[in-house]
Amino acid sequence: MGAKNKVIFGRIYRSATSCSTESQSNPKFSSSISIASIFKSFKRKLVVGSFHSTPSFKSYVETCASLLRRCSCTHRLLSGLALHGHAVKCGISSDRSVFTKLLTMYSECNRPADQNRIFIEFACSDIFSWNFMITDLARSGDIDTASNLFDQMPERNVVSWTIIIDELVKRGRVRDALGYFDRCPCHTVVSYTAMMNGFARNGMYLDGLLMFRRMIRYGLMPNEITFTCVITACGGCGEFDFANSVVGMIIKNVFGQNLSVCNSLITLYLRMGDAGMARKVFNGMVERDVVSWTALLDVYFQMGDLKEARHVFNEMPDRNEVSWSMMIARYSQSGEAVEALWLFKHMLCNGFKPNISSFASVISASASLENLLHGRSVHSHVVKFGCENDIFVASSLIDMYSKCGKSDDARWIFDSLSMKNIVCWNAMVGGYFYDGRMVEAKHLFMQLPERNAASWNAMISGFVQNELYEDVLETFNEMLTSGQVPSRMTFSSVLLACASLPSLEKGKNLHAKTIKLGIATEIFVGTALTDMYAKSGDIESSKSVFCMMPEKNEVSWTAMIQGLADSGLAEESLALFEDMKKTDINPSEPMFLSILFACSHCRLVDKGFHYFESMDKVYGITPKERHYTAMVDLLSRAGLLREAEDFIKKMPIQPEANTWAALLSGCVTHGNDGIGERAAKMVIELERQSTAGYVLLSNIYASVGRWKDVAKVRTLMRETGITKGGGCSWIQIRDCFHAFYSWDSNHPNALEIYEVLELLIPEMIPCML
DNA sequence: ATAGGGTTAG
C-alpha cells in the first residue's frame with residue numbers, strides 16, 4: 001500500500017502545486033473546477049489508516065497543506081473548512097505546515113475569529129510556539145495577522161517584542177514598529193538594535209542615532225551589531241563627527257576587529273570622502289568576506305580608478321550578485337555604458353541571478369546608448385524574473401523607452417504601475433520632453449501628485465532641450481514662486497538658456513542668486529556661468545567666475561578656452577590651454593576644436609599644425625571631420641588656398657560639406673574664383689538643401705565682378721526651391737529688444753541707425769582687418 | 001538583530 005500511495009499522493013500533490021503557481025501568475029485564472037476535482041480525488045484516496053506508513057503520511061500532509069494554500073489563494077472557504085475537518089479527523093491539523101496553511105486560509109478568507117480560535121486551541125501557553133507562529137505569518141507576508149496574534153499573546157518575552165519590531169521594520173512600517181517598541185516593558189540591546197536598524201533601513205538615519213543615544217542613557221552596552229547599525233546610520237546622514245566618537249567607543253570596547261563592524265567602517269570612510277582611511281581599514285582586517293571586497297571595489301570607484309576597481313573585481317576570492325550589480329551600476333554611472341552591458345551579459349553567463357539593482361543599472365545604460373534592442377531584451381528578463389513592478393526598474397524602463405523614442409511604450413509601463421513614486425513621474429515627464437511631446441509633458445507635470453527639485457529640473461531642462469528658452473525662464477520663476485529652492489542642476493539649465501538668449505541681465509540676476517545660495521563657484525554652476533558670460537559677450541566676468549572656481553573639470557576648461565577663442569582673444573585662449581596642460585586634465589576633442597579655431601583667427605598656421613598633429617600623436621585622439629574643417633579654415637583664412645585644397649584631398653576620412661565651405665569662404669575673402677568654383681560644387685553636392693554653398697559662390701562671383709554667374713546661381717537657387725535663411729542680430733536696451741534682420745530693415749529708427757553706421761564703418765574697418 | 005549594490009534631472 002505504502003509504495004502505491006506514495007505515487008498517488010505524489011501525483012495529487014504535484015497537480016495541486018502546479019495549479020497554485022498558475023493562479024499566482026494569473027489571478028484571473030479561476031480554478032474552482034480544478035480544485036474541486038483535485039479535492040474529489042483527494043477524498044477518494046482518503047482511506048483511513050492508509051497514511052500511517054511514513055512516506056505516504058508525509059505526502060498526505062503535504063497534499064493537505066498545498067490544497068489549503070490553494071484555498072487561501074482562491075478564497076475557497078468551503079473547501080478550506082472541509083479540509084480543516086479532514087485534517088482534524090486524521091490528526092494532522094497541528095502539523096506545522098498544515099497548521100500554518102490553515103491560519104493563512106482563514107486569514108485570506110476573512111475569518112480572523114476562526115484563525116485566532118485554532119491558534120489558541122493548538123498552540124496554547126507556549127511562548128516559543130507563539131513566537132514561531134508570528135514569525136511564520138510575517139515571513140509569509142501576512143504582517144497584519146502576525147501583529148494581531150501578537151496582541152493576543154497571554155504573555156510575551158523579549159524575543160516576542162524583537163520579532164514583531166523587526167518584522168514590521170522589514171516591511172517599511174517603522175511607525176508601527178516604534179509603537180511596539182515604546183510599549184515593550186523590557187528593553188534589551190537586541191530590541192534597541194532592531195529598532196535602530198529599522199530607522200536606518202528606511203532612511204531615517206537621524207532617528208536611528210537618537211535611538212542609539214537613548215540606549216546608552218538607558219545604561220545598555222552596545223554590541224557589535226549595534227555598532228554596525230550606528231556606523232551605517234552615521235554614514236547615511238553625514239554625521240561624521242559623531243561617527244568618529246563612535247569609532248572611539250568601538251576601539252575601547254574591542255570590536256575593532258569584528259568583520260561586520262569593519263565592513264560598515266569602510267563604507268563610512270568612503271562617505272566621508274576619505275578613501276585612504278577606507279583602504280586602511282580593509283588592509284587591517286584579519287578576516288574578509290564578499291562584503292569587504294565589494295566595499296573595497298567601491299573605494300576604487302569613488303577614487304575614479306576604474307582600472308584598479310576592475311582589477312580588484314577580477315582578483316576577488318568570491319563574488320555574488322551584489323558585487324556584479326556594483327560593477328554594472330558604477331560603470332553605467334561613469335558613462336561606460338557599453339562595458340555595463342557587457343558585465344550584465346557576463347553576470348548571466350556566470351549563472352548569477354540578476355537582481356533589481358543590476359536590472360535598474362543595465363537598463364539605465366541601455367537608455368544612455370539609446371539601444372532599444374538591448375533595452376527590450378533586458379525588459380524581457382525583467383518580466384521573466386517578475387521585477388516589472390519594482391519602482392526602480394520601472395523608472396529606468398520608462399527612461400529607456402523614452403530615450404529610444406518610444407514614449408508610448410514608456411507611458412504603458414507608467415500606467416501599469418500600481419505604486420508610483422515621484423521618480424516614476426519625473427522620468428515620464430522627462431521622457432515626453434525627450435521625445436519632443438511638449439503638450440503631454442506639460443499636462444503630466446500639472447498632474448504631478450507632488451513636486452521635488454528634480455520635477456522642476458526635468459521641466460526646465462526639457463524646455464532647454466527643445467530650445468524653448470522663454471519657457472525655461474517662465475518655469476524657473478514659477479519654481480521660485482512655489483517655494484522650491486533651485487538646485488545646482490536648475491542653475492546649470494537656466495544659465496544655458498540665458499547663454500542662448502540675448503539677455504545678459506537675466507544671467508547676472510541668476511549669478512546673484514547662486515552667490516546667495518553659496519553655489520556660484522560649484523563646478524557645474526561655475527561652468528555654466530563661465531559659458532553664459534562668454535556667450536553673452538562679457539568675457540571679463542566670464543574670466544573672473546572661472547578663476548574663482550576651486551575645482552574645474554574638462555568641461556569648465558573647454559568653456560573658458562572656447563569663450564576666449566570665440567571672443568577673438570585667441571592668444572589668451574592658447575595660453576590658457578597651455579596652463580591646462582600643466583594640470584592633470586587631459587585635452588578633449590571639443591577643446592582641440594576651440595584651439596584650432598583660435599589659431600585660425602590669429603593666422604597661426606604652424607602652431608595650428610602643431611596642435612593638430614599632437615592630437616593623435618600625444619593624446620591618442622583621432623581627429624574628426626570637424627577638426628579637419630578647422631584646419632582647412634586655418635589655411636584658407638591665411639590665404640593658403642592651394643594648400644587647403646591639397647589638405648582636403650589628402651584627408652583619410654570623407655570631408656563634410658563644411659570642410660569645403662571653409663575653403664569656399666577663404667576663396668571669397670581672397671578672391672580666388674578658380675578653387676572657389678570647385679569648392680562650391682562640392683558643398684552643393686554634399687548638402688543639396690543648404691543655401692551656404694550657393695550664397696558663398698554668388699559672393700565669389702560678385703567679388704570678381706562675374707555678375708552673369710551671380711545671376712545664374714541665384715536662378716539656380718530659385719529653381720531648386722531653396723530660400724536663403726537670413727541672419728539676425730539684436731540688442732537689448734532696458735526692457736526692449738531691437739532686432740535686425742539681413743533680409744529687411746523695418747526697424748522704426750532704421751534710417752537714423754544706418755546713417756550712424758555709415759559714419760562708423762570707416763572707423764571699424766581698420767579693426768576688422 | 002548586522003555590513004556591500006539601485007531609478008529621474010546637468
Side-chain angles (χ1 to χ4, degrees), chain A residues 158-159 162-163 165-167 169-170 188-198 200-201 223-232 235 258-268 270 288-299 301 319-330 332-333 354-364 367 387 390-400 402-403 421-431 433-434 452-462 464-465 487-496 523-525 527-528 555:
Chain A
V158 198
V159 181
T162 314
I163 288 170
I165 291 168
D166 187 55
E167 293 298 336
V169 146
K170 280 188 185 150
T188 61
V189 191
V190 181
S191 60
Y192 267 107
T193 308
M195 202 56 234
M196 277 172 51
N197 172 44
R201 255 173 193 255
N223 63 15
E224 69 277 14
I225 298 166
T226 324
F227 279 127
T228 310
C229 293
V230 190
I231 290 297
T232 311
N258 179 274
L259 179 65
S260 32
V261 171
C262 288
N263 285 343
S264 63
L265 276 175
I266 297 177
T267 309
L268 171 77
L270 208 57
R288 299 174 189 125
D289 64 356
V290 212
V291 182
S292 335
W293 282 97
T294 311
L296 182 70
L297 264 183
D298 215 12
V299 174
F301 276 120
R319 290 177 209 150
N320 63 10
E321 287 80 16
V322 182
S323 0
W324 279 96
S325 328
M326 160 94 80
M327 290 298 285
I328 298 169
R330 295 290 180 258
S332 170
Q333 287 156 356
N355 54 10
I356 289 165
S357 305
S358 51
F359 272 136
S361 305
V362 78
I363 295 166
S364 163
C387 301
D390 178 85
I391 41 172
F392 283 92
V393 175
S395 317
S396 49
L397 277 173
I398 291 169
D399 180 52
M400 186 275 292
S402 309
K403 292 238 165 82
N421 69 358
I422 184 121
V423 180
C424 308
W425 282 88
N426 292 347
M428 195 63 236
V429 171
F433 272 117
Y434 199 89
N452 61 9
S455 326
W456 288 99
N457 290 347
M459 184 89 167
I460 289 171
S461 71
V464 171
Q465 282 162 33
S487 66
R488 41 210 71 195
M489 290 160 210
T490 321
F491 281 110
S492 188
S493 299
V494 182
L495 284 166
L496 189 65
I523 189 152
F524 273 106
V525 178
T527 304
V555 187

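Please read these numbers as outputs of a predicted model, since none were measured by experiment.
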Worked verdict on A/I266 versus A/V299 for side chain to side chain contact (heavy atoms under 4.5 Å, CB included): CA-CA 8 Å; A/I266 297 177; A/V299 174; 3.9 Å; yes
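- Following rounding to the nearest Å, A/W425 (CH2) and B/dA9 (C1') show an atom-to-atom distance of 18 Å.
- Rounded to whole angstrom, the span from the CD1 atom of A/I225 across to the C1' atom of B/dT2 amounts to 5 Å.
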Working for side chain to side chain contact (heavy atoms under 4.5 Å, CB included), residues A/I460 and A/V494: CA-CA 7 Å; A/I460 289 171; A/V494 182; 3.9 Å; yes
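- For the pair A/Q465 and B/dA9, the criterion of a side-chain N or O lying under 4.0 Å from OP1 or OP2 is not met.
- Counting non-hydrogen atoms under 4.0 angstrom, A/S357 reaches a base of the nucleic acid.
- Distances were taken from every side-chain heavy atom of A/D399 (C-beta onward) to each of B/dA1, B/dA9, B/dG4; the shortest belongs to B/dA9.
- OP1 or OP2 of B/dG10 has at least one side-chain nitrogen or oxygen of A/S461 nearer than 4.0 Å.
- Heavy atoms of A/D298 sit under 4.0 angstrom from primed sugar atoms or phosphate atoms, though from no base atom.
- By the 4.5 Å heavy-atom criterion applied to side chains, A/V362 and A/S332 are not counted as neighbours.
- Residue-level contact check: A/V393 touches neither bases nor backbone, having no heavy atom under 4.0 Å from any strand.
- In this structure, of B/dA1, B/dG4, B/dT2, it is B/dT2 that holds the atom nearest to the side chain of A/C229.
- The distance between atom CG of A/N421 and atom P of B/dA9, rounded to the nearest whole Å, is 14 Å.
- Nearest nucleotide to the side chain of A/S493, out of B/dG10, B/dT2, B/dT7: B/dG10.
- Residue A/S455 places no side-chain N or O under 4.0 Å from the OP1 or OP2 atom of B/dT8.
- Backbone-only engagement by A/A329 is indicated by non-hydrogen atom pairs under 4.0 Å involving sugar-phosphate atoms exclusively.
- Listed pair A/N426 / B/dA9 fails the phosphate criterion, with no side-chain N or O lying under 4.0 Å from OP1 or OP2.
- Closest to the side chain of A/M326, from the set B/dG4, B/dT2, B/dA1, is B/dG4.
- A donor-acceptor contact under 3.5 Å is not formed by the side chain of A/S396 with the base of B/dT7.
- The distance between atom CD1 of A/I398 and atom P of B/dT8, rounded to the nearest whole Å, is 11 Å.
- Among all heavy-atom pairs drawn from A/C424 and A/I391, the shortest one is SG-CG2, 3.8 Å.
- Across all strands, A/E167 comes closer than 4.0 Å to no nucleic acid atom at all (heavy-atom distances).
- Nucleic acid contact class of A/T162 (heavy atoms, under 4.0 Å, all strands): none.
- A/R488 comes within contact range of no nucleotide atom at all, as no heavy-atom separation falls under 4.0 Å.
- Between A/S455 and A/I422 the shortest heavy-atom distance is OG-CD1, 3.8 Å.
- Between A/K403 and B/dA9, a side-chain N or O to OP1/OP2 separation shorter than 4.0 Å is present.
- Separating the CD1 atom of A/I328 from the P atom of B/dT7 is a distance of 12 Å, rounded to the nearest angstrom.
- One can place CZ of A/F227 at 15 Å from C1' of B/dA1, the figure rounded to the nearest angstrom.
- Partners of A/Y434 according to the ring-ring contact (aromatic ring centres under 6.0 Å, His included) rule, which considers only residues two or more places apart in sequence or in another chain, do not exist here.
- Spacing between atom CG of A/N197 and atom P of B/dT2 amounts to 5 Å, rounded to whole angstrom units.
- A/R201 comes within contact range of the sugar-phosphate backbone alone, with a heavy-atom separation under 4.0 Å but no base atom that close.
- Atom CG in A/N197 sits 11.5 Å away from atom CD1 in A/I165 (nearest 0.5 Å).
- A/D289 contributes no side-chain N or O that forms a donor-acceptor pair with the base of B/dG4 under 3.5 Å.
- For the pair A/M489 CE and B/dG10 P, the interatomic distance rounds to 9 Å; values are reported in whole Å.
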